[in-house]
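Below is one structure; the comments refer to it alone.
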Number of protein chains: 2
Amino acid sequence: MESLKENQMTQNPDVAGMLRAHGILPTQQRLMIARVLFSRRQHYSADQVMNSVNDGRDRVSKATVYNTLGLFARNGLVREVIVDPTRVFYDPNTSDHHHFYNIDTGELLDIDTSDLRISDLPELPEGTVAAGVDVIIRVRAETATN
Amino acid sequence: MESLKENQMTQNPDVAGMLRAHGILPTQQRLMIARVLFSRRQHYSADQVMNSVNDGRDRVSKATVYNTLGLFARNGLVREVIVDPTRVFYDPNTSDHHHFYNIDTGELLDIDTSDLRISDLPELPEGTVAAGVDVIIRVRAETATN
DNA sequence: GTCAGTGCAAACCCTTTGCAGAAAG
DNA sequence: CTTTCTGCAAAGGGTTTGCACTGAC
């Protein structure tokens with residue numbers, strides 16, 4: 001039990017604390033979902049989270065997965081990435097960065113802010129305040145014969 | 001009949017020709033949809049196109065609206081803008097440009113390329129070729145209490 | 001014991017599809 | 001006349017919701 005806990009800790013520094021820090025009560029299901037997101041630190045669709053969480057014996061329902069991801073996003077624990085009209089991706093990396101999106105494979109990759117500079121930001125439309133900047137570089141598989 | 005045609009021409013330079021130039025057979029319904037897109041030159045969700053096209057007496061079915069917008073997008077007549085997981089926007093402006101998206105109102109505004117410069121584009125992931133760059137500046141209504 | 005969280009299934013909404021009838025060339 | 005397009009209604013797929021049960025504190 002102690003070793004299990006230690007093992008988890010190495011991969012996921014205090015997930016429960018992260019949840020609390022974002023005003024989220026750390027329940028079992030939420031912890032399971034958060035561990036998936038923060039151990040691999042990739043991008044996940046709700047469906048992928050569903051599968052990753054439920055490959056073991058302990059199960060989390062679909063409704064809870066969706067509700068929890070929405071909760072995490074609202075509270076700033078993860079970032080929603082909108083690149084595909086058919087599904088939302090959740091990104092555990094909330095620091096300022098951008099994305100490659102492979103339209104053939106559905107793969108999503110981070111682009112560090114230092115690798116892409118935006119200058120001459122235009123004035124915002126009247127009566128609005130900035131809420132975020134998303135840069136998506138769409139790519140295709142080179143071999144795509146199409 | 002002549003004056004009607006002239007009137008349309010002022011707003012929409014040769015819509016039929018545009019369709020043909022993109023390899024699209026200009027049928028009545030497609031012309032009606034294209035006229036909506038190219039007379040006001042704004043951004044439309046499929047539903048907004050549906051409503052605009054069908055405010056008159058001549059009607060176009062929902063299936064045809066969706067299929068036609070998809071066809072237009074595949075053939076490069078319009079650009080799909082993915083900013084909201086709940087709906088796709090269609091942009092009759094196919095020149096290189098970016099967008100403001102008001103997450104409160106759903107309003108979409110163009111940003112000219114000259115008003116926003118991207119430099120230091122990172123190397124593409126191995127085995128991929130560029131397919132497009134989308135920059136979305138998300139804004140909120142200033143007064144949003146939320 | 002009280003209140004928030006969870007699970008299930010059904011509801012939702014946008015979008016796509018199957019197929020018969022209509023229109024275009 | 002042949003081929004493509006259109007319309008309708010039904011299916012599809014990701015996401016949300018209603019409500020009773022469970023678990024957290």
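Only a predicted model underlies this, so the values are computations on that prediction, with no experimental measurement involved. Lettering of chains follows the sequences in order, A, B, ..., and the numbering in each one begins at 1.
The distance from atom CE of A/Met50 to atom P of D/dG13 is 16 Å, rounded to the nearest whole Å. In this structure, CD1 of A/Ile24 is placed 16 Å from P of C/dA4, rounded to the nearest angstrom. One interatomic measurement links the two molecules: OH of A/Tyr44 to P of D/dG14, which rounds to 19 Å at whole-angstrom precision. One interatomic measurement links the two molecules: CZ of B/Arg59 to C1' of D/dT6, which rounds to 13 Å at whole-angstrom precision. A/Asn54 places its CG atom 14 Å from the C1' atom of C/dC8, with the value rounded to the nearest Å. At whole-Å resolution of the value, CD in A/Gln48 and P in D/dT15 are 11 Å apart. Between the CG atom of A/Leu19 and the C1' atom of C/dG5 there is a distance of 13 Å, rounded to whole Å. Computed from coordinates, the B/Met32 CE to C/dA23 P distance equals 14 Å when rounded to whole Å.
Counting only distance, with no hydrogens or angles, the side chain of A/Tyr90 and the backbone of A/Leu37 share no donor-acceptor pair below 3.5 Å. In this structure, the side chain of A/Asn75 does not engage the main chain of A/Leu77 through any donor-acceptor pair within 3.5 Å. At distances below 3.5 Å, not a single donor-acceptor pair connects side-chain atoms of A/Arg138 with backbone N or O atoms of B/Asp134.
Between B/Arg20 and A/Ala63, it is A/Ala63 whose nearest contact on DNA chain C lies nearer the 5' terminus. Between B/Pro85 and B/Lys62, the one whose closest nucleotide on DNA chain D sits nearer the 5' end is B/Lys62. Residues B/Arg87 and B/Thr27 both approach DNA chain C. Their nearest nucleotides, taken by heavy-atom distance, put B/Arg87 toward the 5′ side.
B/Asp14 has no carboxylate O lying under 4.0 Å from a charged side-chain N of B/Arg20, or vice versa, which leaves the two without a salt bridge.
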Evaluation steps, side chain to side chain donor-acceptor pair (under 3.5 Å), between B/Ser45 and B/Asp47: CA-CA 5 Å; B/Ser45 64; B/Asp47 201 57; 5.4 Å; no
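In this structure, CZ on A/Phe72 lies 7.0 Å from CZ on A/Arg30, to the nearest 0.5 angstrom.
The aromatic rings of A/His99 and A/His43 sit perpendicular to each other, their planes meeting at more than 60°, with 30° as the lower class boundary.
Comparing the local axis fitted to the first five base pairs of the helix from C/dG1-D/dC25 to C/dG25-D/dC1 with the one fitted to its last five gives a bend of 30°, rounded to 10°.
Contact annotation: the side chain of B/Leu116 approaches that of A/Leu121 to within less than 4.5 Å [non-hydrogen atoms, C-beta and beyond].
Phosphate contact (OP1/OP2 of C/dT6, side-chain N/O of A/Arg30, threshold under 4.0 Å): present. A sub-4.0 Å separation between OP1 or OP2 of D/dT6 and a side-chain N or O of B/Thr64 is absent.
Listed nucleotides: D/dG7, D/dT17, C/dA24. Nearest to the side chain of A/Asn67: D/dT17. The nucleotide whose nearest atom lies closest to any side-chain atom of A/Tyr66 is, among D/dT6, C/dT15, D/dT16, D/dT16. Considering only the side chain of A/Gln29, C/dT6 comes nearest among C/dT6, C/dT15, D/dG7. Distance from the side chain of B/Leu25 is smallest for C/dA24 among the nucleotides C/dA24, D/dA24, C/dG5.
Within the 4.0 angstrom heavy-atom criterion, no nucleotide atom of any strand lies near B/Ser45. B/Asp47 comes within 4.0 angstrom of no nucleic acid atom, judged by non-hydrogen atoms across all strands.
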